[in-house]
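To keep things clear, I will list the structure first and then write my remarks on it.
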Number of protein chains: 2
Amino acid sequence: MKDLSRRQRAILQFIESFLDQNDYPPTIRDIQRDLDISSTSVVDYNLKVLENRNHIRRNRNISRGIELVGRVNHRNVIAIPVIGQIAAGLPIPVPGDLEQADSAETVEVGADFAPNAGRDLFALRVKGHSMIDALINDGDVVVLRQQVTCENGETVAVWLRDEKETTLKRFYLEGERVRLQPANMTMEPIFTPANNVEIQGRLVTVLRSVV
Amino acid sequence: MKDLSRRQRAILQFIESFLDQNDYPPTIRDIQRDLDISSTSVVDYNLKVLENRNHIRRNRNISRGIELVGRVNHRNVIAIPVIGQIAAGLPIPVPGDLEQADSAETVEVGADFAPNAGRDLFALRVKGHSMIDALINDGDVVVLRQQVTCENGETVAVWLRDEKETTLKRFYLEGERVRLQPANMTMEPIFTPANNVEIQGRLVTVLRSVV
DNA sequence: TATACGGAGGAACATTTGTTCGTGTCAAGC
DNA sequence: GCTTGACACGAACAAATGTTCCTCCGTATA
C-alpha cells in the first residue's frame with residue numbers, strides 16, 4: 001500500500017483535494033498542470049499504476065473518468081429534509097410537499113443509517129427534554145419514516161389524542177389497549193386505549209451533535 | 001420554481017440519476033442520448049434555462065462542468081473510521097494509524113454534525129447499556145475527537161484508573177477532584193480524584209440507527 | 001393577419017481531453 | 001560494462017465534448 005512514488009502520492013492527493021473543491025474529477029491535464037509534470041503521458045503512466053494498486057478506478061475514453069476508491073460518494077449518503085420540530089406539547093408537522101422543499105435545511109446521513117431510504121423520510125429537531133425516556137435529548141435530530149400504521153415492537157412517534165401530546169415509544173398493541181414502552185429499559189411503560197393513539201411515523205435514526 | 005418545460009424537468013432528473021450512478025457529471029451528449037434529443041444545441045439551450053432558473057451551475061468550456069445546486073456533495077459530508085468498540089469494562093481502542101485504515105468501516109456524517117472535522121475524529125460502536133445515563137444506547141455509534149485534555153463542561157470519554165472502567169460524562173475539574181456529570185439531568189454525578197481520570201477523547205456526535 | 005417568442009433541429013466548428021509511440025535517464029543487480 | 005525496470009519526456013493523433021449559427025414550428029398576442 002505504501003509502495004508509491006512521491007509523484008504518485010502527490011497525484012492521489014491532488015485528486016482528493018480537487019474533488020473536494022469541485023463536483024467533477026480532474027482531467028489528466030489538470031493533474032499535469034498542478035503538479036508541473038512535463039507530459040500527459042507521465043500522468044497517464046502514473047494513473048495506471050494507481051489503478052493497478054487499486055487506489056483509483058478509471059473509465060477509459062471518458063473525460064474526467066477518474067474515481068477514487070473508497071471515497072465518500074453521494075451514493076452512500078442521502079439528504080433528509082428537516083421539516084420542523086418535535087416536542088411533547090406539539091403535533092408533528094406534516095411532511096406535506098417534501099419534494100418542493102428545495103430551500104429547506106437538510107441533514108446528511110450515511111446509507112447505513114437510513115435503510116431503504118426513499119422519499120418518505122423526514123427529519124425533526126427535538127425541542128425540550130420530554131423524550132429523555134427514549135434516550136433522546138433536547139437538540140437531537142430524529143429521522144422518521146412517514147407511516148400511519150406499524151408493527152408491534154417498532155419505535156414510533158405517536159400523538160396521544162386525549163393528552164394532546166407527542167411521544168416517541170416502542171409500540172405494542174395488546175388487545176384493546178396499547179403499551180408504549182420507553183427505550184430506556186429502566187422506565188415504566190404507558191398503557192392507553194388503542195383509539196387514543198395516532199401514529200405519525202416510525203423512528204429510523206437519531207442524530208446528536210454534542211456541544 | 002415550477003415553470004420548467006417537460007423536457008427541462010426530464011433533463012434535471014436525468015442529471016440527478018446520472019450523478020447517483022457515476023462519480024462524474026454527464027456530458028451534454030449523455031443527456032442528449034438518454035432523452036432522445038435530436039441536437040446538442042437543444043440540450044445546451046435547456047441547460048441555459050436551468051442555469052438561469054438556478055437549478056444547476058455550469059462551468060463553461062469544461063467537460064462535464066455541470067453541478068447540481070443544493071445537492072449532497074462530498075464537501076458537506078465526511079467519512080469517519082469506526083475503529084472499534086466502546087464498553088464500560090474496556091479501554092478505548094487507540095486511534096493509532098487512522099490514515100492507513102483504508103479497509104476500515106466508516107460512518108458518513110454531514111459536516112454540521114462534525115464541526116471542525118479533521119483527521120482527529122474516530123468512531124466507536126457502543127456495546128452494552130452502561131452509557132444509558134449519557135443517553136447512549138447499545139449499538140449506537142459515537143464519534144470522538146482524540147484529545148487528552150478538555151475544558152470544563154465538555155463531554156468526554158474517560159478511563160477511570162481505579163475502577164478500570166470507561167465512561168462518557170461531562171467533565172468538571174473542581175479543585176483536586178473531578179465531577180463527572182451524566183447527560184441525563186435526572187441522574188447523579190460521580191466524584192473522583194483528578195488523577196484517577198484519564199481523558200480519552202471528546203464526544204462530538206452520537207448516531208443511532210433504530211431497528 | 002402579422003409579430004414575437006419559447007422551443008426544437010441540424011450541422012459545422014473549436015477545444016478539451018484521453019491515448020499512444022518512440023525515446024531518454026538513472027539506479028540496482030548481474 | 002551490460003541489462004533490466006521504474007519513471008519521465010514530447011509530440012502527434014483521435015475522440016469526446018462544448019459552442020454557435022441558421023432555420024423552422026407552433027402558439028399566444030397585438
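Below, all heavy atoms of this structure are taken into account, side chains as well, without hydrogens, waters or symmetry copies. Values in this document were obtained by computation on a predicted structure and should not be read as measured data. Proteins get letters first, then strands, A, B, ... in listed order; numbering begins at 1 in each.
Computed from coordinates, the A/I28 CD1 to D/dA15 P distance equals 16 Å when rounded to whole Å. Distance A/L50 CG to D/dA6 P: 15 Å, rounded to the nearest Å.
A donor-acceptor contact closer than 3.5 angstrom is absent between the side chains of A/S17 and A/D20. In this model, a donor atom of one side chain and an acceptor atom of the other lie less than 3.5 Å apart for B/E163 and B/N196. A donor atom on one side chain and an acceptor atom on the other are not found under 3.5 Å apart for B/D44 and B/S41. Side-chain contact, A/T205 with B/R208: no donor N or O sits under 3.5 Å from an acceptor N or O.
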Side chain to side chain donor-acceptor pair (under 3.5 Å) evaluation trace for B/Q146 with B/D120 | CA-CA 6 Å; B/Q146 188 175 19; B/D120 52 353; over 6 Å; no
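Using a 4.0 Å heavy-atom cutoff across all strands shown, A/R6 reaches no nucleic acid atom at all. Residue-level contact check: A/N61 touches the backbone only, with heavy atoms under 4.0 Å from sugar-phosphate atoms and none from bases.
For A/R60 and C/dT17, the shortest distance from a side-chain N or O to OP1 or OP2 is not below 4.0 Å. Contact annotation: B/R64 reaches the phosphate of D/dT17 (side-chain N/O to OP1 or OP2, under 4.0 Å).
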Check nucleotides 4-11 of chain C for protein N or O atoms closer than 3.5 Å to its own N or O atoms and list the pairs.
| unit_1 | atom_1 | unit_2 | atom_2 | d |
| --- | --- | --- | --- | --- |
| C/dA8 | OP2 | B/N46 | OD1 | 3.4 |
| C/dA8 | OP2 | B/N46 | ND2 | 3.1 |
| C/dA8 | O5' | B/R7 | NH1 | 3.4 |
| C/dG9 | OP2 | B/R7 | NH1 | 3.1 |
| C/dG9 | OP2 | B/S38 | OG | 2.9 |
| C/dG9 | O5' | B/S38 | OG | 2.3 |
| C/dG10 | OP2 | B/S38 | OG | 3.4 |
| C/dG10 | N7 | B/S39 | OG | 2.7 |
| C/dG10 | O6 | B/S41 | OG | 2.6 |

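One finds the OG1 atom of A/T192 at 10.5 Å from the CZ atom of A/R161 (value rounded to the nearest 0.5 Å).
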